[in-house]
Number of protein chains: 2
Amino acid sequence: MSIAQEKDLRSVGGSEAVAEGQFAAKSPRERILIAARDLFYRHGVYAVGVEAIAEAALTNKMTLYRHFKSKDELIVTYVQQLADEGDDVLNRILAENVDSPQKQVDAWVDFVEDVLTNKLERGCALANAAVELDTGHPARAVIEAYKQRKHDRLVGLFRAARYRDPGLLADEVFLLFEGARISIQCGGKGPASRVVGMLRGLLSSRPRLVEA
Amino acid sequence: MSIAQEKDLRSVGGSEAVAEGQFAAKSPRERILIAARDLFYRHGVYAVGVEAIAEAALTNKMTLYRHFKSKDELIVTYVQQLADEGDDVLNRILAENVDSPQKQVDAWVDFVEDVLTNKLERGCALANAAVELDTGHPARAVIEAYKQRKHDRLVGLFRAARYRDPGLLADEVFLLFEGARISIQCGGKGPASRVVGMLRGLLSSRPRLVEA
DNA sequence: GTTACCCGGTACCGATCGGTAACATACAGC
DNA sequence: GCTGTATGTTACCGATCGGTACCGGGTAAC
């Protein structure tokens with residue numbers, strides 16, 4: 001089956017008909033971004049043409065180019081959207097557990113477990129995009145800034161939870177997570193499936209600062 | 001500068017003229033594989049066309065297709081070559097330290113350090129290829145088998161060095177390494193640069209089995 | 001010499017790529 | 001009614017993609 005023929009965006013919402021109705025009710029720009037997100041992630045940004053995206057978005061190439069001046073700009077928007085959502089998810093996790101940094105850590109690990117067991121057939125969409133994109137592509141800056149920000153926030157989280165040497169711990173946790181995501185699609189599915197247990201062990205056995 | 005115009009394969013050997021002479025002296029098939037390896041790694045397998053490879057190999061498209069029946073077959077050969085070399089490197093490291101499993105472990109970490117500090121502008125070539133290639137591509141099987149093999153050999157190495165729970169240790173080391181390689185090109189160069197120290201700390205502090 | 005083989009060069013194929021021009025339609029505000 | 005804006009439709013552009021046909025030259029075997 002060719003990429004252009006794929007139209008199974010029903011999985012975005014609940015039941016098929018309702019989801020397809022909700023999808024068709026959105027603006028063309030939203031539909032394009034949803035379709036691009038799905039196709040870019042499943043096949044890569046290079047393998048997917050703009051025409052395939054437009055068709056999957058129930059529109060056409062002209063409308064796509066009325067909202068995005070080029071495919072590269074669409075890629076940047078796609079990447080920016082993923083980065084924003086990643087920030088939002090972490091914001092929500094932290095906000096829902098403001099009373100206790102330890103609960104924030106635990107909630108984040110629960111989220112990681114959810115990511116690694118459910119939505120991860122093809123690894124981290126941002127990392128995948130970075131692999132495909134040339135060094136000078138504007139989307140690369142967005143990706144690198146997001147990953148840097150994510151790492152820094154982990155450091156802050158572990159410091160708030162009073163771990164000793166939070167920088168080192170954040171490095172380990174960050175790299176284990178990234179390694180698990182890339183490993184899912186290139187063999188070694190075993191190690192990736194065991195990373196959550198490793199994280200929990202790491203975070204429970206790591207020395208903390210004593211209370212003042 | 002377009003990809004097709006890049007011809008700086010002088011870096012493959014020593015001085016420019018000598019290296020270029022050595023390069024030209026090789027068979028067309030060898031030159032094609034060298035050029036493909038360089039271009040595929042730097043720009044990705046999708047972004048590089050067969051014509052650019054042929055030009056960089058100082059030959060033409062017809063000769064390329066006399067040695068490889070399709071671009072996909074060239075990709076498979078490219079990936080297989082990388083996997084074989086990865087196996088060979090590990091074989092050599094283990095063979096040079098057969099007298100002591102601990103020395104084998106140390107030598108492997110030295111090798112990892114070398115990889116992460118020198119040859120790693122764009123991460124693991126096999127992982128990058130896996131990201132680009134569709135799930136059904138024949139090269140994917142080669143990559144997954146290699147990564148699985150590599151992980152299993154790490155388990156054996158750590159078991160030989162009498163580490164307690166070598167499977168868990170291999171998981172951690174494997175994922176940290178993979179995470180570092182993917183992180184090099186998408187932000188977080190910091191964590192990747194510190195992974196060697198992390199590995200050394202991990203391997204020195206991990207409990208061992210006592211001698212019988 | 002002659003045969004056989006490998007390689008370089010060129011021109012070409014159909015398909016698809018990203019991107020655009022031109023026109024028709026629908027619908028909002030007023 | 002009219003007008004402006006957003007969208008759908010079609011056809012098209014030049015460029016490049018992977019892949020091939022054809023021809024000519026170099027060279028080693030014998």
Side-chain angles (χ1 to χ4, degrees), chain A residues 1-7 20-21 23-36 39-40 43-79 129 132-134 136-139, chain B residues 1-7 9 20 23-36 39-40 43-79 129 132-134 136-139:
Chain A
M1 180 175 59
S2 87
I3 294 173
Q5 292 171 341
E6 298 183 23
K7 290 185 185 173
E20 193 151 347
F23 180 67
K26 294 181 186 295
S27 75
R29 188 172 199 276
E30 286 177 295
R31 296 201 306 265
I32 289 167
L33 281 173
I34 293 172
L39 293 175
F40 280 164
H43 305 283
V45 292
Y46 262 106
V48 175
V50 288
E51 188 122 38
I53 296 172
E55 283 187 23
L58 307 180
T59 177
N60 52 54
K61 204 161 49 165
M62 265 315 299
T63 299
L64 188 151
Y65 276 101
R66 287 189 187 109
H67 291 282
F68 306 93
K69 44 182 276 194
S70 68
K71 182 183 180 180
D72 279 330
E73 191 183 285
L74 175 59
I75 291 174
V76 171
T77 308
Y78 158 72
V79 162
E132 282 195 88
L133 268 30
D134 228 50
H137 196 287
Chain B
M1 178 177 61
S2 86
I3 295 173
Q5 292 171 341
E6 296 183 21
K7 292 186 183 172
L9 288 173
E20 191 152 349
F23 180 68
K26 294 180 186 297
S27 75
R29 189 173 199 276
E30 285 177 296
R31 296 199 307 265
I32 290 168
L33 281 173
I34 292 172
L39 293 175
F40 280 164
H43 305 282
V45 293
Y46 261 107
V48 176
V50 289
E51 188 122 38
I53 296 172
E55 282 187 24
L58 307 179
T59 178
N60 54 51
K61 205 160 49 165
M62 263 318 297
T63 300
L64 189 152
Y65 276 101
R66 288 189 186 108
H67 290 282
F68 305 93
K69 46 181 274 198
S70 69
K71 183 183 180 181
D72 280 329
E73 190 183 285
L74 175 59
I75 293 174
V76 172
T77 308
Y78 158 72
V79 161
E132 283 195 87
L133 269 30
D134 229 50
H137 195 286

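The chains referred to below are lettered A, B, ... by the order of the sequence lines, with proteins before strands, and numbering in each begins at 1.
Under 4.0 angstrom from either OP1 or OP2 of dG8(D) there lies at least one side-chain N or O belonging to Arg31(A). Between Thr63(A) and dT7(D), a side-chain N or O to OP1/OP2 separation shorter than 4.0 Å is absent. Between dT7(D) and His67(A), a contact under 4.0 Å exists linking OP1 or OP2 to a side-chain N or O.
When distances run from any side-chain atom of Thr59(B) to the nucleotides dG19(D), dG19(C), dG8(C), the shortest one goes to dG8(C). Looking at the side chain of Lys71(A), the nearest of the listed nucleotides dG9(C), dG18(C), dT10(D) is dG18(C). Side-chain proximity of Tyr65(A) to the nucleotides dT20(C), dG19(D), dG8(C) is greatest for dT20(C).
Atom CG of Leu74(A) and atom P of dC17(C) are 15 Å apart (whole Å). Here the P atom of nucleotide dG18(C) and the CD atom of Glu51(A) are 9 Å apart, to the nearest Å. Atoms CZ (Phe68(B)) and C1' (dT20(D)) sit 18 Å apart, rounded to a whole Å. Between the CD1 atom of Ile53(A) and the P atom of dG19(C) there is a distance of 11 Å, given to the nearest Å. Separating the NE2 atom of His137(B) from the C1' atom of dG18(D) is a distance of 13 Å, rounded to the nearest angstrom. The CD-C1' distance, from Glu73(B) to dG18(D), rounds to 14 Å in whole Å. Distance CG (Asn60(A)) to C1' (dA6(D)): 12 Å, rounded to an integer number of Å. The distance from atom CZ of Arg66(B) to atom P of dA21(D) is 12 Å, rounded to the nearest whole Å.
At distances below 3.5 Å, not a single donor-acceptor pair connects side-chain atoms of Asp72(A) with backbone N or O atoms of Ile75(A). Looking only at distances, no side-chain donor or acceptor of Glu73(B) sits under 3.5 Å from a matching main-chain atom of Ser70(B). Here the side chain of Asn60(A) pairs a donor or acceptor atom with the backbone of Met62(A) at under 3.5 angstrom.
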CA sep, side-chain torsions, deciding dist, call: Thr59(B), Leu64(B), side chain to side chain contact (heavy atoms under 4.5 Å, CB included): CA-CA 8 Å; Thr59(B) 178; Leu64(B) 189 152; 5.7 Å; no

Stepwise side chain to side chain contact (heavy atoms under 4.5 Å, CB included) check, Tyr78(B) with Leu39(B): CA-CA 11 Å; Tyr78(B) 158 72; Leu39(B) 293 175; over 6 Å; no

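With DNA chain D read from its 5' end, the first of the two nearest nucleotides for Tyr46(B) and Lys61(A) is the one closest to Lys61(A).
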